[in-house]
Each structure stands twice: as C-alpha cells, then as structure tokens.
Amino acid sequence: MVLDNRFLGVDFGQRRKMATKLDKIFNSLDSDRVFKDKGILQTNYTPSTIPHRDSEIEQVASILAPALRKERPSNLFIYGKTGSGKTLSIHYVREEMLRRIKERNFSEDEFSLVIEYLNCKLKKVSDTEYRILAELIKKLGGEVPATGLPTDYVYQKFIEIIERRKQLVILILDEVDQAIKKISDNFLYNFTRLNSELSKAQICVVGISNDLTFLDSLDPRVRSSLSEEEVVFPPYNAIQLQDILKERAKKAFKEGVVEEGVIAKCAALAAREHGDARRCLDLMRVAGEIAERECSKKISIKHIDRANEKIERDKIIDSVQTGPKQFQLILLAIIGLFEAKHERIFTGEVYDAYQNLCRKVKTEILTQRRMGDILNELEMSGMIRTNVISKGRWGRMREIKISVLPNILSRAKIILTESLGL
DNA sequence: GTCAATTCACATGAAAGAGACCACGGTCTAGTG
DNA sequence: CTAGACCGTGGTCTCTTTCATGTGAATTGACGA
C-alpha cells in the first residue's frame with residue numbers, strides 16, 4: 001500500500017528523468033565497456049602461465065615428484081609474503097600432477113593419489129582443529145557434523161577415511177600459521193606423526209605460511225618433521241609486477257584502454273606493499289570499474305589513485321561496520337582521543353575513554369586485559385598501528401597510532417556514532 | 001660518576017567459566033492399522 | 001507398533017575474566033673515586 005502511494009506520488013517528469021538515468025547506466029554496461037574479460041583480474045582466476053616463478057615451481061614439483069612413483073614425498077614447507085604466488089604455484093603443480101596421474105591411469109584399487117588443498121584462514125571454515133579435520137573429511141568424501149562430536153572421534157573418522165584404500169594423500173594447508181596461532185602446534189605434530197598409525201595409506205603435509213618466522217615458534221619436533229624441505233617465495237619486485245600486470249591487462253581490457261604509465265604506477269604502489277601481486281591486480285580491476293562507471297573510455301593514472309583510496313576505504317568501512325560492539329566502542333575511543341590531542345595515544349588513556357563511552361551507551365565494560373587483545377585484533381585489520389614502548393619509571397604500554405586517511409577516518413567516526421546511537 | 005636494584009604500567013600467557021550451539025541416545029506421545 | 005517430539009548429557013566454539021608472570025628503561029640509592 002505504502003509502496004503504491006509512493007509510486008503515484010512521483011510525477012511523470014521525474015520518472016522520465018529517472019528512466020533516462022537508468023538507461024545511461026545500463027547501456028554503459030555493454031557499449032562503453034573497458035573490460036574485455038573482467039574475470040581475469042579477479043582473485044580466483046588461474047592464469048595458464050605464472051611468470052617469474054619458474055624456479056620455485058620447479059623446486060616444489062621436484063620435491064613432490066616421488067608421489068608419481070607411488071612414494072611418499074618429503075613434507076614441504078613454503079614461505080612467502082601474501083601475493084607472492086605461493087597458492088597459485090601450488091595449485092598449478094597440483095593440477096599438473098593430477099593430470100599426469102590420470103594419464104598413467106593406475107587401476108583404482110592398486111593406487112591412487114589424492115591432493116587436497118585447504119585454506120586454514122577462511123574464518124568459519126577452518127580455524128580450529130575440529131573444523132580443519134571436518135573440512136578435510138568433507139573434501140575426502142566423508143560426512144561430519146559442524147559441531148557436537150568429540151575431537152578424537154573426528155580424528156578416528158579421518159584416519160578411517162584415509163585408510164579405506166591404498167593411497168597417497170598430499171595435504172596442502174594454506175596459511176597454517178593462522179591456524180596454529182589459535183590451535184596449539186601439537187595438531188601439526190599429530191598430522192606429521194599420522195603416518196606411523198596408517199598401514200595402507202600415507203600422508204604428506206605441505207604447509208604454506210606468509211610469516212617467515214613461523215617455523216621458529218614451533219615445537220622442535222614438529223619443525224623437523226614438517227619442514228623436511230623448504231621453499232621460499234621471494235616477493236615480486238616492481239618490474240616483475242609490471243610483467244604480470246601487462247600480461248593480464250592485455251587479456252582483461254580492450255585494446256588501447258590502458259593509458260601510458262598506468263601499469264607502472266600500479267606496480268609501484270603494490271611493490272611498496274611488499275610486492276603483493278594480488279593487491280596489484282585488485283588495483284587494476286577497481287580502477288577499471290571506476291573508469292567504466294564514469295563512462296570513461298580509458299584508464300588513467302588518476303583512476304589508479306582513486307582505486308587505491310577506494311580499496312582502502314572499503315576495507316576500513318567494512319570492518320568498522322561489521323565489527324562487534326566492543327570493537328566499535330574501543331575504536332571510537334581511539335578516534336576521539338586522536339582528534340583531541342593528535343599525538344601519541346597510550347593504552348591507559350584508551351581504556352579510560354572506552355570506559356566513559358561504555359557508561360554513556362550503558363554497555364558492560366570489558367577488562368583491560370581483554371582490551372589489549374582487541375587492540376591487537378584492530379591492528380591486524382589495519383585500522384591502527386601499535387608499538388610497545390617502555391617509559392622507564394612510568395611503565396610499559398602500547399603506543400597507538402591511527403593508520404587511516406583523515407577523510408576515511410571522519411567517515412568511520414560518523415558510522416560508529418550512528419550505529420552506537422550516540 | 002657508576003652500577004645494580006627498584007619500580008611502574010602495562011604486555012603477555014595460561015587456565016577456566018559462561019552461554020550458545022549441536023549430536024546422540026533414550027523416553028514419551030500421538031497417530032495409524 | 002512406529003514416527004516424531006522432547007529431554008538430558010556431553011561435546012565444541014567464542015568471548016570473556018582471573019590469576020600469574022614478564023618486560024624495559026627511568027629512577028633510586030649504595031658505593032667508591
């Protein structure tokens with residue numbers, strides 16, 4: 001009813017105007033397109049060639065090669081910063097191995113090779129021991145409820161499934177460092193020791209981590225058995241990033257769309273962020289989207305700048321909006337302090353300001369211990385930067401800085417005050 | 001003046017509790033033949 | 001007799017608190033030159 005009235009209330013001229021506007025938007029979708037195939041710049045796209053990673057791929061392949069001879073390869077550990085091509089390369093090697101094993105077609109019951117990939121970081125999928133196991137079981141064709149069972153039972157089930165037949169299982173655990181931070185490392189220990197419990201099947205673990213110091217934090221026993229072999233993926237430099245980008249841009253965009261210098265700029269921005277190729281491609285894609293939305297036929301450097309800001313803003317705004325109430329309160333306390341003094345902010349001050357805010361919105365106040373953890377999490381999400389400093393006689397504390405552009409910050413503040421009802 | 005001890009204000013770890021969610025097996029209940 | 005509802009028990013997960021221990025440099029105070 002309400003809807004009807006509103007429709008009737010709009011006079012014809014206005015509707016007409018709206019219609020032409022929409023025409024413009026919808027028509028621009030197919031006439032003025034900059035993109036030839038946007039999917040090429042999306043993160044889940046797997047290119048046919050992986051430039052500048054030949055030697056790493058060779059190393060990985062040669063380590064895993066024994067699997068094709070029905071022998072268990074050494075456990076492997078792969079390091080490299082985000083966007084250095086680890087995941088892409090391991091996927092590539094996996095595909096190649098599976099293709100080869102298919103060509104040789106061993107009879108099913110004699111021997112089979114299973115290579116499973118699991119990203120341990122994806123929240124809600126697998127950041128506990130139970131869930132990782134459950135996920136693996138699911139991938140191997142078993143069925144396990146999301147919760148409610150004892151972990152030992154799930155282990156048993158996992159072994160059962162693997163032991164169903166004579167096979168070699170290569171488990172690729174991406175971003176294990178994330179998982180191990182939450183679970184203890186004897187999870188990995190169990191995994192590497194699993195072979196002694198298996199009679200028919202064998203397991204090989206490939207761990208991938210973007211934290212180079214991760215291995216040091218492990219139990220020595222786990223370390224030695226997990227990283228029998230190691231491969232390091234160095235970050236791409238700006239020139240390599242340009243190569244990658246050129247290749248993809250050629251396929252993704254129509255000819256002549258990308259202006260001079262755009263690719264260089266893009267690569268330079270990403271190279272500054274430890275050579276993150278993913279970031280680089282994102283930048284290019286978002287720049288393309290912005291250009292398209294403006295009905296511009298070319299992508300220029302200013303689009304890259306805008307894309308850079310937009311990516312940053314979306315990331316921040318999103319985590320501000322979706323964060324739990326306590327996170328929002330603490331963030332708001334930090335923003336308030338930052339605006340008031342524009343100087344270095346310390347833990348104690350934040351806690352005081354946070355307590356005041358809690359009283360204002362009548363929310364229970366968390367302990368300072370907990371706030372410390374939340375500050376760490378905020379740092380993880382890139383909202384703030386913290387640094388533990390000691391002021392001698394005046395104690396030890398975190399120094400907190402905001403690492404967000406001012407215009408994004410004020411936007412975030414508005415969102416926070418609104419959603420908290422202040 | 002020098003050097004070790006002290007001190008502050010937290011950081012950081014470990015353990016444990018609360019409350020939500022879920023599986024499983026046993027018991028109860030209503031519907032069916 | 002049986003399918004489904006219901007309940008109690010025991011498990012995980014997340015968020016949180018409590019208790020304990022660690023930390024780094026300014027400050028203090030004893031000591032000797």
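Throughout, protein chains are lettered first and strands after them, A, B, ... in sequence-line order, and every chain is numbered starting at 1.
Across the protein-nucleic acid pair, A:Gln156 atom CD and C:dG11 atom P stand 16 Å apart, rounded to whole Å. We find that OH of A:Tyr130 is positioned 12 Å from P of B:dC22, with the value rounded to whole Å. Atom CE in A:Met371 sits about 14 Å away from atom C1' in B:dT12, given to the nearest Å. Rounded to whole angstrom, the span from the CG atom of A:Asn387 across to the P atom of B:dA11 amounts to 12 Å. Here the C1' atom of nucleotide B:dC10 and the CG atom of A:Leu375 are 12 Å apart, to the nearest Å. In this structure, A:Lys391 atom NZ and B:dC8 atom P are separated by 16 Å, rounded to whole Å. A:Met397 places its CE atom 7 Å from the C1' atom of B:dC10, with the value rounded to the nearest Å. Straight-line distance from the CZ atom of A:Arg370 to the P atom of C:dC15: 7 Å, rounded to whole Å.
Across all strands shown, A:Gly372 has no heavy atoms under 4.0 Å from either base or sugar-phosphate atoms. Within 4.0 Å of A:Arg398, counting heavy atoms only, lie sugar-phosphate atoms of the nucleic acid but no base atom. Note on A:Ile374: nothing from the nucleic acid sits closer than 4.0 angstrom, heavy atoms only. Residue A:Ile389 is out of contact with every strand shown, counting any heavy-atom pair closer than 4.0 Å.
Figure legend: A:Arg248 and A:Phe253 shown without cation-pi pairing, the cationic atom not lying both under 6.0 angstrom from the six-membered ring centre and within 45 degrees of its axis. No cation-pi contact links A:Lys251 to A:Tyr45, judged by a cut-off of 6.0 Å to the six-membered ring centre and 45° from its axis.
Comparing atom distances between the A:Trp394 side chain and each of B:dT12, C:dT17, C:dT27 picks out C:dT27 as nearest. Distances were taken from every side-chain heavy atom of A:Arg393 (C-beta onward) to each of C:dT27, B:dC10, C:dT16; the shortest belongs to C:dT27.
The side chain of A:Thr347 contributes an N or O atom lying less than 4.0 Å from OP1 or OP2 of B:dA11. For C:dT17, one of the phosphate oxygens OP1 or OP2 lies less than 4.0 angstrom from a side-chain nitrogen or oxygen of A:Thr367. Distances shorter than 4.0 Å separate none of the side-chain N or O atoms of A:Arg369 from OP1 or OP2 on B:dA9.
Positionally, the nearest nucleotide of DNA chain B for A:Gly392 lies more toward the 5' end than for the other of A:Asp373 and A:Gly392.
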Kindly determine whether A:Phe338 and A:Ile400 satisfy side chain to side chain contact (heavy atoms under 4.5 Å, CB included), including the steps that lead there. CA-CA 9 Å; A:Phe338 180 75; A:Ile400 298 159; over 6 Å; no
Evaluate A:Tyr153 against A:Tyr155 for ring-ring contact (aromatic ring centres under 6.0 Å, His included), listing each step before the verdict. CA-CA 5 Å; A:Tyr153 177 85; A:Tyr155 253 111; over 10 Å; no
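Using a cutoff of 4.0 Å between basic side-chain nitrogens and carboxylate oxygens, A:Glu96 and A:Arg99 are scored as salt-bridged.
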